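One structure below.
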Amino acid sequence: MTLSELSRCYEEAAVPLRQRLKELRQLLAQTEDPEEIWHLKRRIAELTPMLTQMNELAELTARYYERGYYRGEKYTL
C-alpha cells in the first residue's frame, strides 16, 4: 500500500466520524435534558480528536514526499 492509498483510506474513514459528529451536534441543539446534554458533549469531545487526527494523517500521507511540505513535529520520530 502506498502513502497516497493510505491517505485515501484515512479520508474515507473520516466520513462516518464527520457524519456522526454532525448528528450529535444536531441532537445537542434539540435537547433540553441536562443529563443527555452531558452525554452528548462527552461523546463529541471523544470523537473530535479522532477526526482531527484522521484529517492530519490524511494530509501527511498525501503530501509526505512533496518538496517543501512542512510535516511538523507531531508525527516524526
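For clarity, every value in this text was computed on a predicted model and none was experimentally measured.
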Before you tell me yes or no, could you show the steps for C9 and M1 under side chain to side chain contact (heavy atoms under 4.5 Å, CB included), namely the whole-Å CA-CA distance, both residues' side-chain angles and the distance that decides it to 0.1 Å?
CA-CA 10 Å; C9 290; M1 177 177 280; 4.0 Å; yes
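Within the 4.5 Å cutoff, side-chain heavy atoms of N55 are placed close to those of R18.
Atom CG of residue L60 and atom CD of residue Q53 lie 11.0 Å apart, to the nearest 0.5 angstrom. Between the CG atom in L17 and the OG1 atom in T52 there is a gap of 10.0 Å [rounded to 0.5 Å]. Interatomic distance, CG of L6 versus OG1 of T61, reported as 5.0 Å (0.5 Å rounding). In this structure, CG in L27 is found 13.5 Å from NE2 in H39, a value given to the nearest 0.5 Å. Atom CD1 of I44 is separated from atom CG of L51 by 12.0 Å, given to the nearest 0.5 angstrom. Note that the CD atom of Q26 and the CG atom of L21 stand 11.5 Å from one another [nearest 0.5 Å].
Heavy atoms of other residues, nucleotides or ligands lying less than 6.0 angstrom from CD of E35 number 12 at most.
Nearest approach of A45 to P49, heavy atoms of both residues: O-CD, 3.0 Å. Nearest heavy-atom pair across A58 and S7 is O-OG, 2.7 Å.
The only member of Q19, R20, R25 that meets side-chain hydrogen bond (donor to acceptor under 3.5 Å, both in side chains) when paired with E23 is R20.
In this structure, M50 is not a member of the same hydrophobic cluster as V15, with clusters built from ILVMFWY side-chain heavy atoms closer than 4.5 Å. Hydrophobic clustering, with ILVMFWY side chains joined whenever heavy atoms are under 4.5 angstrom apart, groups Y64 together with Y10.
With respect to E12 and R8, no salt bridge is recorded, no charged nitrogen being found less than 4.0 Å from a carboxylate O.
Side-chain N or O atoms of E36 include none that pairs as donor or acceptor with a backbone N or O of D33 at under 3.5 Å.
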